[in-house]
Colleague: 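Okay, handing you the structure first.
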Number of protein chains: 2
Amino acid sequence: MFSLRRYCLAMLNLLNTVVCKKPDNEHVAAEVDGKSIANDIKATLATEVCNMKSSIGKVPGLGVILVGKRKDSLSFVRIKKKACEEVGIASVVLELPQDSTEDEVLGIVSVLNHKESVHGILVQLPLPDHLSEEKIINAVNVEKDVDGFHPVNMGNLAMTKREPLFIPCASRGCIEVLHRCNVEIVGKKAVVIGRSKIGGLPTSLLLQRHHAMVTTVHAFTKNPEQRAREADILVSDVGVPNLVRGHWLKPGAVVIDMGSTLVKDSNSSHGSHVTGDVCYEEAIHKASTITPVPGGVGPVTISMLLSNTVEAAKRAYQWTEQS
Amino acid sequence: MFSLRRYCLAMLNLLNTVVCKKPDNEHVAAEVDGKSIANDIKATLATEVCNMKSSIGKVPGLGVILVGKRKDSLSFVRIKKKACEEVGIASVVLELPQDSTEDEVLGIVSVLNHKESVHGILVQLPLPDHLSEEKIINAVNVEKDVDGFHPVNMGNLAMTKREPLFIPCASRGCIEVLHRCNVEIVGKKAVVIGRSKIGGLPTSLLLQRHHAMVTTVHAFTKNPEQRAREADILVSDVGVPNLVRGHWLKPGAVVIDMGSTLVKDSNSSHGSHVTGDVCYEEAIHKASTITPVPGGVGPVTISMLLSNTVEAAKRAYQWTEQS
């Protein structure tokens, strides 16, 4: 399928590297401190986990399935595991070889589905090409689908008057940021660039649940910059560095950058650094509020995974803070 | 919840009855003949059902559950039953009393789920208030969910690279009309007014699957008429007569009217007539193509229900025209 990411990358290659310009005006947007928001959420969750433990002698459990040894996946899984430890969630990472068969992976999913101490199951994506992501995700017990990618949860997210058990973490993270920054969503024009099922799509659905008027921009959209300029709230989840330039923004727009791309960087000790979709140096002079990359939506997304896992455990044990 | 329909009705009541104006210009849009499209589809389906019968001695079966005796529901069920007969689908209507319990309705769903000769199950909506629509719809076997309202089918409709087993009939009808009228969808700006889970929402999702850039307008949208005026393809599914006026349309827009409201009419022998959301007399002078009400999307929707039922039977018997 024609992908917006691939299309944009090709266009940017034609233009060589985009160099963001520093505009003349001196307005500077409020920068969202995602780490601080995440720390706040983690502190609350840690207390809750602690109370659960003293009250019923149980802690929430997360089972992570990792197939293969993709560098980025290994790093994401490490971050998630560490975050679990911080709040007292028991996590187990099941590392399967790259050439695992579908039946082997489904077998592991089934074991975790039946394990009482595991309340959330996360299949680290992407899976190797020979495995059906759909079959494997659909096999996860809906009540343990802390990533919110199961079609039942996605369908219930789409439909008004239905309640998904879990909402995808990045999308929840996006709304959490808007709430914490006191951004009014109801009636606002939101434009979401990208429609991936783990990012753009559920974010569009969730913003609509919060009564924004949502337009989704994708590979086939004509004049995406013009569409973006109409947004009170602009969300980008494409994975193309510097796609969203300063002139794509309405003055005063709230900008949520969900993009995350590893780019080579000879100045960095790792030889690379993570960058978002938004040309930050330009956008900061047009937006009212902006999430940086790294340190914006990313950390909040991780804390939402922890929150989903704690919710799952509370439901499984029918436990609440008051009980 | 705040509903666009109720809001608009209140506004229109304030303004008394809207009288559509006949504009001066003489341009007249092409009127979609929904009955003729439906007849075409039914003729193809009838041949297919006939071939299935000669080939394997089976015909598709539709089970309809009707709780109570709402006049509009009785009429819809009668229309669906008649349409089934026209193409050779065996239909059975299970009429349950208004005060049926949830367990009784779930029991009937379960019987139909297990009945080999029933390939499609339709629960006529709305259900009486004391029944959980969610519980009952979710109990329908996903493989027999010919209305496409099960969250698994809705979730798979929302997600790119996933295939729902069934797409809601009115939404399929809308796309069918666009295809038959040779309306290009890819890259076009579509505005869908309304986000009900049986109409507006799945239509937004389906238009997006066809690569339109979709904006959904709802009760909290500011300046809905301005949003509507941006649409190359305008779909309205609110249930408010004459909501969409001529000045809401971009000249040359394609207008799909999914609204259907019974209004009092002393000139009609029934004492009422059905009307859509669009002020037809005004819109016809601005649109390039328009669906009337009645006789537009309605009949095509019914033929899509038949098509979904035939598909369900073909899947169940693993039968194709070639086999």
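Protein chains get the first letters and strands the later ones, always in sequence-line order, with residue 1 at the start of each.
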Colleague: Please rank A:His150, A:Met159, A:Glu133, A:Lys188 by heavy-atom pairs under 4.5 Å with chain B and give me the top one.
Modeller: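 Counting heavy-atom pairs under 4.5 Å, the top option is A:Met159.
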
Colleague: Tell me, side chain or backbone of B:Val152 under 4.5 Å from chain A's heavy atoms, or both, or neither?
Modeller: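 It is both, since atoms from each part get that close.
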
Colleague: Name the member of B:Lys197, B:Lys189, B:Arg162, B:Lys222 that forms the most heavy-atom pairs with chain A at distances under 4.5 Å.
Modeller: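 Among the listed options, the one with the most contacts to chain A is B:Arg162.
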
Colleague: Name, in order of residue number, those residues of residues 141-149 of chain B that have a heavy atom at a distance of less than 4.5 Å from a heavy atom in chain A; otherwise write 'none'.
Modeller: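 The stretch touches chain A at B:Phe149.
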
Colleague: Ignoring hydrogens and angles, tell me if any N or O in the side chain of B:His218 forms a donor-acceptor pair with the backbone of A:Gly187 under 3.5 Å.
Modeller: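 No, B:His218 side chain to A:Gly187 backbone: no donor-acceptor pair under 3.5 Å.
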
Colleague: Between A:Asn138 and chain B, with a heavy-atom cut-off of 4.5 Å, which part of the residue counts as in contact: side chain, backbone, both or neither?
Modeller: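 Side chain only.
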
Colleague: Flag the pair B:Met213 / A:Arg227 as yes when at least one side-chain heavy-atom distance between them is below 4.5 Å, and no otherwise.
Modeller: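 Yes, side chains in contact.
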
Colleague: I need the residue from B:Thr216, B:Thr221, B:Val191 with the largest number of non-hydrogen atom pairs under 4.5 Å to chain A.
Modeller: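 Of B:Thr216, B:Thr221, B:Val191, B:Thr216 has the most heavy-atom pairs under 4.5 Å with chain A.
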
Colleague: Would you mind checking which part of B:Leu205 comes under 4.5 Å of any heavy atom in chain A, side chain (CB onward), backbone (N, CA, C, O), both or neither?
Modeller: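 B:Leu205 touches chain A through side-chain heavy atoms alone.
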
Colleague: For chain B, which of A:Gly155, A:Pro151, A:Ala212 has the most heavy-atom pairs under 4.5 Å?
Modeller: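 That would be A:Pro151.
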
Colleague: Which value, rounded to the nearest 0.5 Å, describes the distance between B:Arg195 atom CZ and A:Thr160 atom OG1?
Modeller: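 If we round to the nearest 0.5 Å, B:Arg195:CZ and A:Thr160:OG1 are 6.5 Å apart.
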
